[in-house]
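The block underneath contains the structure these notes are about, expressed in structure tokens.
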Amino acid sequence: MNGTKKVVELVGVTKVYPGDVAALRGVDLVIGAGDLVAIVGPSGSGKSTLLHMIGTLDRPTSGTVRIAGYEVGDLTDRELSALRARHLGFVFQQFHLAPGTSALDNVADGLLYSGTPPKARRERAAAALERVGLGHRLGHRPHQMSGGEQQRVAVARAVAGEPPLLLADEPTGNLDSAAGAEVLAVLRDLNASGTTIALITHDAEIAAWAPRRVGVRDGRIVTDERTETAAATPATTAAKPAAKPVAGPGAETVEAAR
Amino acid sequence: MTKETPDESRSGRGGRRTRLTPARLRPRDVVRVSAGGLRARPARVVLSALGIAIGIATMVGVVGVSSSSREDLLRQLDRLGTNMLTVQAGRTLFGEEAKLPVTAPEMVRRITPVTAAAATGLMDATVRRTDRISEDVTGGIVVQAADDELLDTLRGTMAAGAWLNAATERYPAVVLGSVAAERLGVSRPGGQVWIGGRWFTVLGVLAPLPLAPEIERSALMGFAAAEQYLGFDGHPTTIYERSADEAVEDVRAVLPGTVNPENPEEVDVSRPSDALTAKAAATGAFTELMLGLGAVALLVGGVGVANTMVISVLERRKEIGLRRSLGATRGQVRVQFLAESLLLSALGGVVGAALGAVATAGYAMSNGWPAVVPPWAVGGAVGATLVIGTLAGLYPAMRAARLSPTEALTTT
Ligand SMILES: Nc1ncnc2c1ncn2[C@@H]1O[C@H](COP(=O)(O)OP(=O)(O)OP(=O)(O)O)[C@@H](O)[C@H]1O
Ligand SMILES: [Mg+2]
């Protein structure tokens, strides 16, 4: 399913950290509108670095990054900020919620930099919380919620501005499997309603659940495979075993991500 | 600005490829976010605001107390008037004590702008509580003849009893100045004091006279009584006179010649209110030192705020990273921390100004002064707070803004 729109396009992207650490060694990646991509790979393989490139949180050492049609290399820091505010949503392993602040305000504050008026921010925040199944928890503070609920608040914050692209770095990494499943269900619903999602995971089951899996090793993309069925019926929530690799040069399997 | 992409990726959503401009943060949101940042760490906020508060309170208090004291002096001057001159017999060319002519008071009263005049005559006699105390123990108190217009001319009031009148100025009776009464242990009329070998009845006690401290230290009797009982020669030693305010200098010029036409150079003219005026002007010399101390306290408070902000930035790297991922620009991060610093020090400033005003009011009240906190002092305090908040927040805010989003997010 090579979509007609490229939301993300990376061409020959490398990233070398100070101290000659080559975290990415020439990555080409296209993510089309509506994709749900799991990025898998061993620890230190460069997954987070890759996600930072996609999320315009960092610039590549060389290569081209295009997000929503904008070439990141051409944009100033201010323009990148605006790009993030309008086109990107982030979910992290840690929830990064403001303690002592209600779920509603945590989500509403996520829209602070989008230029939305205060009242509309709260309305959209309430809608987003409703969407992640927390419509009954608007006034709860982080410490009054379970980990799964907190992460769903963080997801609501990321998608309240309805960004076309949602990036998640091990969103279930701090959650038990039940809570993780709640969060994944939310992501699946978001994807079904059109949001493009890229998520990093260490969990083979989650990777298998995603319609598309990108395997990273030593700063390179080594596998890129699709599960046609899962993509065709996004409502299926079962963790289906991976089937039918569509693309990807190496036939490495998801076991690389432990 | 963006390079053309050859494929279909350009044909997407509306709004794509438009110039990306970050949304402006509303001032209200800046304040709200900054206040939220402070509210999360109340103890630290209170302590570092306290540093600023102490500095501001010191400065406002110092200015307030000295202004109150000056205001008190000015009101005293206003009440006592600056239009009184005293004429004294100076010394002759040969160094002897000169005397004023007996007619001098009458001559002074004839000067047109003069509205009131009175004379006193110093005598050798001493005043004691009883005849058993030695003559040499004067207690710094003198015996003087005074004419009955003295009280009005000085704008004095009685603390107790009555002033001399046409009848009592012939009797062996005295009115005591406030200091004299205190030293003699007499606070109410009716008692007797020993002067020049006989008893004098105390008629009354004067209230303090800031313009005539020499009268405060006198036992005063009528000219007639002085002549009759103590052999006084009737020559006045001091004449007090008041005139219209604008005529004071003219009167001063003609007084010596009027009082002593033969030897005008022997006459000393002075203006007792000059001392009070000088005192009012001098209030503030000591203030500068205290202001300096307050400024040092304020500086230390500013360093405390800067310290708090630096720590805050270190602790909140993840929050900064999150905000950057949500689309905050470097400028918006900078503004947030700068506003936090400003808010923190403004908090200290407001509390400090209030404390300073309360301290001023308390101190003034205990001294019987009017409480005055000049608006410029409060304005200056607010201004200083804003400057300090900005300076203290500048470096931490720059640091927060310089942080790269990934660095901020991956902090452990
Ligand atoms: N700021 C940095 N400075 C220097 N080296 C870095 C930096 N960030 C990451 N690296 C290095 O780059 C490589 C890739 O890191 P990255 O965080 O992308 O891995 P990852 O696949 O996300 O690993 P994990 O699964 O443990 O999160 C690692 O070797 C890491 O040590
Ligand atoms: Mg990682």
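Protein chains get the first letters and strands the later ones, always in sequence-line order, with residue 1 at the start of each. Note that these values count all heavy atoms, side chains included, but never hydrogens, waters or copies made by symmetry.
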| query | What pair of heavy atoms forms the shortest contact from Arg84(A) to Pro405(B), and how long is it? | reply | NH2-CG, 4.4 Å

| note | d(Phe92(A) CZ, Leu409(B) CG) to nearest 0.5 Å is 4.5 Å

| task | Using a strict 4.0 Å threshold on nitrogen-to-oxygen distance, state whether Asp109(A) and Arg32(B) make a salt bridge. | result | yes

| Residue pair Ala82(A) / Pro22(B): nearest heavy atoms and the distance that separates them | CB-N, 3.6 Å

| request: Using only heavy-atom distances, determine whether the side chains of Arg324(B) and Ser81(A) contain a donor-acceptor pair under 3.5 Å. | output: yes

| note | Heavy-atom nearest pair, Leu20(B) first then Glu79(A), reads O-CG, 3.4 Å

| said: Side chains of Arg78(A) and Arg330(B), heavy atoms from C-beta outward: is any pair under 4.5 Å? | reply: no

| Per-residue contact mode, Thr116(A) against chain B (heavy atom under 4.5 angstrom) | backbone

| task | Answer with side chain, backbone, both or neither: which region of Pro99(A) has an atom nearer than 4.5 Å to a non-hydrogen atom of chain B? | result | neither

| said: So Arg28(B) and Pro118(A), do their side chains get closer than 4.5 Å, heavy atoms only? | reply: yes

| message | Need one label for Arg121(A): side chain, backbone, both or neither, based on atoms under 4.5 Å from any heavy atom in chain B. | response | side chain

| message | Taking the side chain as everything from C-beta on, heavy atoms only, tell me whether His96(A) gets closer than 4.5 Å to Glu319(B). | response | no

| Atom pair CG (Asp77(A)) and OG (Ser404(B)), whose distance is rounded to the nearest 0.5 Å | 10.0 Å

| said: Can you tell me which portion of Arg323(B) sits under 4.5 Å from chain A's heavy atoms? Options are side chain, backbone, both or neither. | reply: both

| Taking every heavy-atom pair that is under 4.5 Å apart, which of Ala23(B), Gly36(B), Gly327(B) has the most such pairs with chain A? | Gly327(B)

| Measuring heavy-atom distances to chain A, does Ala40(B) have an atom under 4.5 Å in its side chain, in its backbone, in both, or in neither? | neither

| request: Go through His52(A) and Thr410(B) one step at a time and tell me if the side-chain contact (heavy atoms from CB on, under 4.5 Å) criterion holds. | output: CA-CA 11 Å; His52(A) 290 159; Thr410(B) 52; 4.2 Å; yes

| Checking side chain to side chain contact (heavy atoms under 4.5 Å, CB included) against Tyr113(A), which of Thr329(B), Asp29(B), Leu326(B) comes through? | Leu326(B)

| note | Nearest heavy-atom approach of Leu25(B) to Leu112(A) is CD2-O, 3.6 Å

| task | Report the distance from atom OG1 of Thr406(B) to atom CG of Leu57(A), rounding to the nearest 0.5 Å. | result | 7.0 Å

